[in-house]
S.K.: 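Pasting a structure below so you can have a look.
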Amino acid sequence: MSHVAVEGSHGLDQQLAVLDLNSADGQGVGTGRRYIPPHLRNKDVSQNDSPGWDCHSNGFVNGYHDGRINGTANFARGLPRNDRGGRGSFRGSRNGGSFNQPMHNAGYGTYENKDGGWNAVVNRGAYTSFGGRSDRGKSVFFNDRGAGSRGRYERGGFGGTGGNSRWVEESRDEEDWSKPMPPNDRLENELFSASNTGINFEKYDDIPVEATGSNAPGHIESFHDVDMGEIIMGNINLTRYTRPTPVQKYAIPIIKAKRDLMACAQTGSGKTAAFLLPVLSQIYSDGPGEALQATKASAQQENGKYVRRKQFPISLVLAPTRELALQIYDEARKFAYRSRVRPCVVYGGADIGQQIRDLERGCHLLVATPGRLVDMMERGKIGMDYCKYLVLDEADRMLDMGFEPQIRRIVEQDTMPPKGARQTMMFSATFPKEIQILARDFLEEYIFLAVGRVGSTSENITQKVVWVEENDKRSFLLDLLNAAGKDSLTLVFVETKKGADALEDFLYREGYACTSIHGDRSQRDREEALQQFRSGRCPIMVATAVAARGLDISNVKHVINFDLPSDIEEYVHRIGRTGRVGNLGLATSFYNDKNSNITKDLLDILVEAKQEVPSWLENLAYEHQHKSTNRGRPKRFSGGFGARDYRQMPGAGNTFGNRGARNTGVHGGNRGFGGNKGGFGSFGGDSYGGNYGNYGGNFTQVDWWGN
DNA sequence: CAAGTGA
């Protein structure tokens with residue numbers, strides 16, 4: 001395979017420039033300020049002078065406003081050391097239910113300043129593709145969160161005449177949701193200027209695609225091959241997506257044809273847009289329908305006091321972690337720009353009151369983590385009665401042991417329309433056969449789509465496995481970090497939360513600018529850590545499984561499995577944080593005696609992705625094969641899966657040890673691989689250090705799938 | 001046993 005370099009050192013300068021900008025950000029210095037989740041921080045300042053309904057009266061300080069004020073002061077933040085030190089004193093409260101702790105010396109900074117001057121209008125140039133824009137700049141009626149949703153209410157309407165007339169929405173019943181609202185320069189800048197990925201799909205090559213199910217629609221080659229409407233096409237241009245990725249080519253027409261879908265495609269291949277584009281497009285063309293009526297009907301007065309109405313989203317997207325939900329929400333905002341659709345996100349660990357108030361401003365597409373959504377449903381803030389589109393992102397995770405009960409609670413044991421009446425879509429890079437079978441409970445006449453073999457890794461990721469004893473891991477890690485390029489991000493995975501804290505402390509003492517993310521940290525700290533990592537201020541992040549799935553962080557050049565995970569799906573997702581959208585990446589895994597459970601699966605993955613395989617690993621896999629009683633199956637199935645025994649289920653097959661059968665699973669023939677072992681040069685730990693340097697400056701963008 | 005998901 002030949003890698004076509006598209007961008008070289010040129011892009012590097014740009015990245016450094018961005019870093020400088022971010023490091024000059026303002027610090028939120030206020031004491032005792034409430035934690036405001038990022039998606040609620042960046043409001044238009046003009047919101048604050050609204051005399052209306054929204055409760056900003058209590059000395060409301062939104063992060064954006066605050067950030068601007070402090071940003072002008074010279075808060076020349078030094079090295080990441082500084083704020084890390086500050087956080088040290090904070091640690092004691094980490095484990096003690098420290099949700100919603102106000103954070104002193106908290107840096108909201110980089111977030112608020114990403115506009116780079118909020119009244120500046122960037123050169124949008126060729127990307128404004130919304131036809132006739134004679135109305136641009138008038139700023140009459142903005143659609144999005146800030147000004148736009150405020151416009152839905154008539155001033156002072158609450159105490160008024162009674163009846164429904166106070167809702168401006170009334171008068172919009174007949175309005176056409178497919179027509180774009182006027183543009184908003186500030187918002188457009190905010191949503192799209194950071195849009196980093198210029199994807200090169202020009203020479204997308206063959207990749208095996210399986211689309212099974214009755215009457216599967218054909219795929220598209222261009223976004224123009226299917227009618228997604230004016231709003232979507234305009235936003236596609238603004239995001240600079242030129243051509244659909246492979247999974248988008250297939251999934252978009254399937255979803256537009258109103259079919260249920262189980263879609264499997266490699267990490268970083270554009271799955272999020274593959275469902276957001278067609279779902280939103282469909283909502284635009286169909287309009288809100290009954291959901292709007294129901295929402296309005298829920299508005300009441302009680303005891304002279306206005307009772308907040310319940311929201312009935314038209315679409316629900318569920319994700320397994322909070323940060324992923326937030327990321328999906330951010331994407332949804334882009335594709336909802338200039339539409340009447342208002343995306344919302346709810347997740348745990350953040351102030352629920354803020355989220356409720358945000359919901360009450362309108363919610364047509366809801367992104368959520370399961371726990372908080374159940375909470376919202378039980379509080380009567382959300383009704384799924386009119387949810388026409390259900391998306392499970394990271395679907396295999398959402399249906400595994402930990403999440404399945406909550407998913408059933410939301411989807412089957414409440415008011416959501418049954419399968420068939422709603423459209424259900426599932427996406428993941430991995431989808432073990434057992435979970436595919438379970439997933440059928442939620443699907444009707446679905447199409448199974450596999451772009452590449454299910455569970456395979458991108459060949460754009462160079463995978464290394466090194467034998468490292470536990471006691472040597474730290475020093476080996478330092479060697480790898482020292483070899484990394486100055487500008488590149490490194491993500492280090494460990495198995496436990498305590499381990500994450502310990503390793504981060506170690507790296508800190510060794511003088512590295514690092515941060516960490518795991519489930520025992522406060523939500524505020526988690527999001528700040530992610531932001532500092534993304535921005536490059538802390539180019540090293542130690543993480544648990546919370547960061548394994550879905551997070552799209554540009555410029556992650558190296559993923560290190562300091563501890564290998566116990567199942568191969570987790571491995572695939574972890575290393576998938578690098579090598580995204582046509583970029584190259586490196587993944588290094590520390591292997592020792594403790595990791596025998598993943599040996600065989602790891603070997604298969606390496607072989608399939610045409611990676612070098614250390615001979616010792618091959619030998620171990622062979623040995624393990626003969627002594628293992630449970631080979632080839634994820635650990636979580638070995639302990640039973642409730643009362644179910646999937647081996648008895650029709651269609652489940654009986655070849656759990658057979659990798660090929662397991663992965664293409666219930667849907668058809670094996671995509672065989674392997675068989676081409678042998679001939680691999682040995683790959684000892686000694687030569688590793690020397691080889692490593694070769695990867696330093698060599699991460700450039702290449703064609704999709706590495707061709 | 002670990003990780004994640006409501007307080």
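What you see is a predicted model; the values in this text were computed from it and never measured. Chain A is the first sequence line, chain B the second, and so forth, proteins listed ahead of strands; every chain is numbered from 1.
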S.K.: Please report, rounded to the nearest Å, how far the P atom of B:dC1 is from the CD atom of A:Glu495.
M.R.: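 Atom CD in A:Glu495 sits about 15 Å away from atom P in B:dC1.
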S.K.: Given B:dG4, B:dA2, B:dG6, identify the nucleotide with an atom nearest to the side chain of A:Thr496.
M.R.: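 Among the listed nucleotides, the one closest to the side chain of A:Thr496 is B:dA2.
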S.K.: Using a heavy-atom cut-off of 4.0 Å across all strands, would you classify A:Glu570 as base, sugar-phosphate, or nothing?
M.R.: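 No contact at all - A:Glu570 keeps every heavy atom at 4.0 Å or more from the nucleic acid.
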S.K.: For B:dT5, does OP1 or OP2 lie under 4.0 Å from any side-chain N or O of A:Arg526?
M.R.: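 Result: yes.
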S.K.: What integer distance in Å separates A:Asn597:CG from B:dC1:P?
M.R.: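 After rounding, the reported distance stands at 17 Å.
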S.K.: Could you check how far CZ of A:Arg549 sits from P of B:dA2, rounded to whole Å?
M.R.: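 Those two atoms, CZ and P, are 20 Å apart.
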S.K.: To the nearest angstrom, how far is A:Glu404 atom CD from B:dG4 atom C1'?
M.R.: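 Atom-to-atom, A:Glu404 to B:dG4, this comes out as 15 Å.
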S.K.: Only counting residues at least two apart or in another chain, list the ones meeting ring-ring contact (aromatic ring centres under 6.0 Å, His included) with A:Phe403.
M.R.: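 None.
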S.K.: A:Arg409 side chain N/O closer than 4.0 Å to the phosphate oxygens (OP1, OP2) of B:dT5?
M.R.: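 For B:dT5, OP1/OP2 do not have a side-chain N/O of A:Arg409 under 4.0 Å.
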S.K.: Test of understanding: with side chain to side chain contact (heavy atoms under 4.5 Å, CB included), list the residues that count as partners of A:Thr321, not counting sequence neighbours.
M.R.: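 By the side chain to side chain contact (heavy atoms under 4.5 Å, CB included) rule, A:Thr321 matches A:Glu323, A:Leu324, A:Val546.
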S.K.: Round to the nearest Å and state the distance from A:Arg574 atom CZ to B:dA3 atom P.
M.R.: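 Interatomic distance, CZ of A:Arg574 to P of B:dA3: 11 Å.
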S.K.: With heavy atoms under 4.0 Å as the rule, sort A:Gln406 into base, sugar-phosphate or nothing.
M.R.: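 Base, at least one base heavy atom under 4.0 Å.
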